[in-house]
Amino acid sequence: MKRQAYQPILITDASRSQDDQLRSRQRRYIVMMSIRALCVVLGAILVGAKAPLLWLWLPLCAVGMVLIPWLAVLLANDRPPKEEHRIGARMRRSHIDDTPPRALVAEEKPHRVIDVEP
């Protein structure tokens, strides 16, 4: 019976935990909805103060009030991309040597170096 190739698992290759992902999505959602609330308040202040260039600022606030909640929900329900689908991982993979890892045969044991003083 052959053993599978020995490949060490690096902690840096581990994905983020589900709780950590959920927490970051919740923070992103709260920040985006706070920006939306700021757009609502800013729009009300601009209308009440009859600000100059109201024709420019009011549509910008309206776009923020409409698009930000939609984007916030989409981003809050989406999980981060898998590592193999990220552009940075593809670039790093192209620089890595494609030599197969060394496999340990069932009878072979790892070598141990013993220092002997003369």
Side-chain angles (χ1 to χ4, degrees):
M1 184 164 105
K2 273 189 163 182
R3 292 178 91 182
Q4 290 192 357
Y6 171 72
Q7 272 187 314
I9 298 173
L10 301 175
I11 191 66
T12 56
D13 293 340
S15 61
R16 293 172 51 196
S17 70
Q18 294 288 334
D19 291 336
D20 192 27
Q21 290 178 16
L22 178 65
R23 216 172 305 118
S24 67
R25 290 195 320 253
Q26 287 172 339
R27 275 192 225 120
R28 189 180 326 140
Y29 181 80
I30 289 171
V31 168
M32 291 180 81
M33 293 309 281
S34 299
I35 292 171
R36 177 195 183 235
L38 184 68
C39 286
V40 171
V41 171
L42 186 63
I45 291 172
L46 288 174
V47 168
K50 296 181 183 164
L53 298 174
L54 187 62
W55 59 271
L56 175 68
W57 295 112
L58 206 54
L60 287 176
C61 287
V63 167
M65 288 184 284
V66 172
L67 286 181
I68 289 178
W70 177 70
L71 286 172
V73 170
L74 283 178
L75 292 175
N77 289 325
D78 192 21
R79 63 172 179 72
K82 292 184 178 179
E83 188 62 32
E84 63 262 14
H85 298 298
R86 298 186 73 157
I87 293 174
R90 289 182 187 165
M91 291 178 155
R92 273 184 264 128
R93 215 177 321 143
S94 65
H95 297 296
I96 296 175
D97 208 11
D98 288 335
T99 57
R102 184 175 165 267
L104 291 175
V105 182
E107 296 82 32
E108 182 182 356
K109 294 182 179 165
H111 298 284
R112 183 183 292 174
V113 177
I114 300 173
D115 289 333
V116 178
E117 293 184 30

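No hydrogens, no waters, no symmetry mates; every other heavy atom, side chains included, goes into these values. Values in this document were obtained by computation on a predicted structure and should not be read as measured data.
- When hydrophobic residues (I, L, V, M, F, W, Y) are linked wherever their side-chain heavy atoms come within less than 4.5 Å, the members clustered with M33 are Y29, V73.
- Cluster membership for M65 and I35, using ILVMFWY side-chain heavy atoms within less than 4.5 angstrom, is not shared.
- Hydrophobic clustering of Ile, Leu, Val, Met, Phe, Trp and Tyr side chains at less than 4.5 Å, counting indirect connections, unites W70 with I68.
- Linking ILVMFWY residues whenever their side-chain heavy atoms come closer than 4.5 Å, directly or via other members, places L46 and L56 in the same cluster.
- Closest non-hydrogen pair, G64 versus R36, comes out as O-CG, 4.4 Å.
- Both V31 and L75 are assigned to one and the same hydrophobic cluster, defined by single-linkage of ILVMFWY side chains at heavy-atom distances under 4.5 Å.
- Looking at every heavy atom in both residues, C61 comes nearest to G43 through SG-N, 4.0 Å.
- Side-chain contact between V41 and I45: present, with at least one pair of heavy atoms (C-beta onward) separated by less than 4.5 Å.
- Clustering of Ile, Leu, Val, Met, Phe, Trp and Tyr side chains at separations under 4.5 Å leaves I30 isolated, with no partner residue.
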- request: Might you work through the side-chain contact (heavy atoms from CB on, under 4.5 Å) test for L54 and K50, ending with a clear yes or no?
  value: CA-CA 7 Å; L54 187 62; K50 296 181 183 164; 5.8 Å; no
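- One hydrophobic cluster, built from ILVMFWY side chains closer than 4.5 Å, holds both L42 and L53.
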